[in-house]
4 protein chains.
Amino acid sequence: MNYEDLRSECCEANRLLPACGLVDLTFGNVSVGDPAKGIFAIKPSGVAYDQLVPTDMVIVDFDGRVIKGKLRPSSDMPTHRRLFIGFPGIRSVVHTHSRNAVAFAQAGREIPIFGTTHADYFRGPVPVTRALTTGEIEGDYEWETGNVIVERFAGIEPLDIPAVLVRNHGPFTWGGSTGKAVENAQALEIVADMAIKTLSIHPATPPMGDALIGKHFLRKHGKSAYYGQPADIV
Amino acid sequence: MNYEDLRSECCEANRLLPACGLVDLTFGNVSVGDPAKGIFAIKPSGVAYDQLVPTDMVIVDFDGRVIKGKLRPSSDMPTHRRLFIGFPGIRSVVHTHSRNAVAFAQAGREIPIFGTTHADYFRGPVPVTRALTTGEIEGDYEWETGNVIVERFAGIEPLDIPAVLVRNHGPFTWGGSTGKAVENAQALEIVADMAIKTLSIHPATPPMGDALIGKHFLRKHGKSAYYGQPADIV
Amino acid sequence: MNYEDLRSECCEANRLLPACGLVDLTFGNVSVGDPAKGIFAIKPSGVAYDQLVPTDMVIVDFDGRVIKGKLRPSSDMPTHRRLFIGFPGIRSVVHTHSRNAVAFAQAGREIPIFGTTHADYFRGPVPVTRALTTGEIEGDYEWETGNVIVERFAGIEPLDIPAVLVRNHGPFTWGGSTGKAVENAQALEIVADMAIKTLSIHPATPPMGDALIGKHFLRKHGKSAYYGQPADIV
Amino acid sequence: MNYEDLRSECCEANRLLPACGLVDLTFGNVSVGDPAKGIFAIKPSGVAYDQLVPTDMVIVDFDGRVIKGKLRPSSDMPTHRRLFIGFPGIRSVVHTHSRNAVAFAQAGREIPIFGTTHADYFRGPVPVTRALTTGEIEGDYEWETGNVIVERFAGIEPLDIPAVLVRNHGPFTWGGSTGKAVENAQALEIVADMAIKTLSIHPATPPMGDALIGKHFLRKHGKSAYYGQPADIV
């Protein structure tokens, strides 16, 4: 992808966030990567969504150097960069402070897998990272935030559970496409809402069984998926 | 009804779901049946509501064969089919992942009958199915989902309680008309919201008494109904 | 007031209910009384709000006879009638199934007076009626509903606490004007929302003190009121 | 600033409140001060937001005398006045009855600092005042409300935690600019919502650590801030 296509796709995805009810004020950002070129486009810091235009997007390389753009990239840029490096299969990263997902992050609790809505998107509970150490906070904070995410996903395939809760902070999601990364952020917030209500009805609700998790995840993902229309129709 | 009327009614009802706040993303579908002909129209799988046109609706017969339509029917089609066969008095089935109803389904708890809003629509608690066995999940999953619903309604008149919660999944509602099936889905979500809040105020709230349940249900249903206008006026 | 003015005011107030977020589906109705003439106008039963026109409003006298109108009055009409007779100072009655107020009615709990928002409208907790007996339910049900409200207000000045929760049912509010009756229905729902959240933070929250209750209620009501603009300015 | 600029800025800020979802009915007001001149503009009492025009704003001096304006100032005016005098660094005060913040005020509980969304705006828990004495309530009530706020901030830098909960009443926020004061009111309501949900998931959630609080607050405030764009760009 050339820079301008990357910026357009990134701008459009950032503007989707408030339309989807995922962000308050300016609490959220999307990046779109081109892993083959080792670059990604990201929202500039602190700019209102409805004022964003494609040329505001900042192009950064995987070493963290700004390649193109006059504005400062999002202060969360190093976290995005760490994820593009750590999870080679992803094309886009979304960070929000969507309220229900933040509540689990603040409580320091994973989102349990209670139902098929969850399993349609995430093949297990949505994990929460460990707290950062004081050294990590006072050092390269946003990069270290990416590090604890990658550390938490040891043994988990990132596209099986394309979401994480950074403790005391909030959610990051990702996907094999920009559209999927944003959709995962929406699904995460919906699933977190349902989980809060489920716990309020029955605090000791057990997680759903493995057979049903696998069934629903694989209805939508992988070779045997049968949800939606064949690719040549849609 | 001819195919095109069935498709139009079905398309319109599906488009109502997001307008009623009942669905997120593409999590829901409506079918409209013609029991005399043994056929029904249903939403195609994974298509956005605002793009639906009547010719997208898939016509399926009660044996599960696609009679008309180029798109794949909703993956939940066999559940709808099972309900049309099991509950002969119904004309339409609605499936959503509306959040409050899903919360009860995930908690594995029926929706208790706490008030007259509930009794205006459902003549008792809204039941929750048993969990499917691993064999049922790995077999003809969506058909078996219909089976556990029908099994749960042994001894219950489906039009007395035109709604069910599939455990770990979400609600299905139905009705003697398409409008009623959609209205029941709305009422279910409202009643579930009220029930969550009631339980948060007073966790041990007892159900309302039988006399008041009967009074309210029969104010709106059956020969002695006196709610609304006489049929020749409206 | 002549019939047509009464009907216009009543129609407009009914149409306000969904605009204020107070009703789902057709769960609510407003009546506007002319106590001097012993009549009131009320919404017809089961008609959608956005289709209401003034001539749909039904004029009923205080003996329950329909004076003017082709449609059936709301099935809750006898409750309104009982309140106009029992509370001579009121001009309008509003009934909704607004969700937070219903939750308290279903829980069988009064709404405690936790803050100044509450005291600006209601000079004490919002009371809940006793349950109706089976005889009352099977008899003249809607009239008896009015009876238990009036019974509950023995010793309470209706305009000091212009709201009640009918147990297992929902709220009725009233006021010295139609505008005030609708505003009280809005305030009740807001106050109920705040109370649910207050109880979720601190279940044993004590009620606020009498001095602050009196201060806030009397800032807005009675001879010493100093909130808003003098009558000759507004 | 001349009177007309002060009134325009004040009018615009008041009209923002309902657009931001911060007020129901007429429960809220904004004042804009000119500390050098010892005056401020404030919303008139009980006037609907969508009818406000700049000339409705009342100009009051720091001694409480109306300098310009035909309408009565907000009944909360003396509280605003007390804050302008007590906190010399502020330019604007916002008072709302936003529902989540009110819930904490009614519960008599500070808003704990659970996450980075909170720390981006408030460098510690949002404090709640003590209850007013009967003497204070029956005396110069609104001035005394300001007094208990100033008393509560002994030892706290007002711009480090630009928000307070008045017990049994609701929130006041302020800022170094009108925009910041309104943004702080929005952030407070969001943070209160997240805190209620966090407590519902895990009632014993501990506050976040000091290192992370300092990091996030100082990312956005003070000399080392690196969030947003340099002042010469924006």
Side-chain angles (χ1 to χ4, degrees), chain A residues 23-28 44-48 51 56 58 70-77 95-112 128 131-139 141-142 144-145 165-170 192-193 195-201 203, chain D residues 16 20-22 98 100 111-121 179-180 182-221 224-234:
Chain A
V23 296
D24 296 297
L25 299 165
T26 58
F27 311 159
S45 183
V47 179
Q51 294 172 9
D56 290 338
V58 188
K70 291 183 185 163
L71 298 175
R72 268 188 202 161
S74 164
S75 53
D76 298 309
M77 181 271 284
H95 173 49
T96 79
H97 286 211
S98 68
R99 300 186 191 186
N100 300 303
V102 164
F104 278 96
Q106 292 190 155
R109 295 281 162 96
E110 66 181 24
I111 306 178
V128 57
L132 273 74
T133 65
T134 300
E136 287 164 342
I137 292 166
E138 293 175 352
Y141 170 63
E142 290 84 1
E144 298 293 355
T145 298
L165 305 172
V166 175
R167 190 177 288 250
N168 293 123
H169 188 154
D193 183 24
I196 289 174
K197 289 171 172 162
T198 301
L199 290 168
S200 95
I201 294 167
Chain D
L16 262 179
C20 296
L22 290 174
S98 68
N100 299 304
I111 306 178
I113 182 160
F114 286 140
T116 62
T117 320
H118 186 125
D120 281 339
Y121 285 88
K180 282 292 171 194
V182 174
E183 188 178 337
N184 289 337
Q186 289 182 268
L188 182 70
E189 181 63 2
I190 294 162
V191 159
D193 182 24
M194 290 171 171
I196 289 174
K197 288 172 172 161
T198 301
L199 290 168
S200 96
I201 294 167
H202 180 26
T205 299
M208 66 194 284
D210 285 341
L212 194 53
I213 295 172
K215 175 72 187 174
H216 266 265
F217 190 77
L218 299 173
R219 262 198 347 171
K220 283 199 155 183
H221 302 87
S224 315
Y226 60 96
Y227 182 92
Q229 304 298 327
D232 56 338
I233 296 241
V234 194

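Chain A is the first sequence line, chain B the second, and so forth, proteins listed ahead of strands; every chain is numbered from 1.
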Below 4.5 Å from any heavy atom of chain A, which atoms of H118(D) appear? Answer side chain, backbone, both or neither.
-> neither

Is chain D contacted by the side chain of Q51(A), its backbone, both, or neither, given a heavy-atom distance below 4.5 Å?
-> neither

For the residue pair H216(D) and H169(A), does the interplanar ring angle fall in the parallel (under 30°), tilted (30 to 60°) or perpendicular (over 60°) class?
-> perpendicular

Nearest atoms (heavy-atom pairs only) where Q229(D) meets P44(A) | NE2-CB, 3.7 Å

side-chain contact (heavy atoms from CB on, under 4.5 Å) test vs E144(A) passes for just one of I137(A), T133(A), L132(A), namely L132(A)

Y121(D) and I190(D), any side-chain heavy atoms less than 4.5 Å apart = no

Checking heavy atoms, do the side chain of S74(A), its backbone, both or neither come under 4.5 Å from chain D?
-> neither

When L212(D), D193(D), I113(D), I201(D) are compared by non-hydrogen pairs under 4.5 Å with chain A, the top option = I201(D)

Part of S200(D) lying under 4.5 Å from any heavy atom of chain A | side chain

How many angstroms lie between atom CG of D24(A) and atom CD of E183(D), to the nearest 0.5 angstrom?
-> 11.0 Å

May I ask you to decide if the ring planes of H221(D) and F217(D) are parallel, tilted or perpendicular, using 30° and 60° as cut-offs?
-> parallel

For chain D, find which of E142(A), R167(A), E138(A) contributes the most heavy-atom pairs closer than 4.5 angstrom.
-> E142(A)

Side chains of L199(D) and F114(D): does their closest heavy-atom pair fall under 4.5 Å?
-> yes

Does any heavy atom of chain A fall under 4.5 Å from the side chain of T198(D), the backbone, both, or neither of them?
-> both

Spacing of D76(A) atom CG and T145(A) atom OG1 [to the nearest 0.5 Å] | 8.0 Å

Options S45(A), G108(A), A105(A), S75(A), ranked by heavy-atom pairs under 4.5 Å with chain D, top entry | S45(A)

Under 4.5 Å from any heavy atom of chain D - which part of V47(A) | side chain

Residue L25(A) versus chain D: region with a heavy atom under 4.5 Å = side chain

Under 4.5 Å from any heavy atom of chain D - which part of R109(A) = side chain

Top residue by heavy-atom pair count (under 4.5 Å) with chain A, among M208(D), K220(D), R219(D)?
-> R219(D)

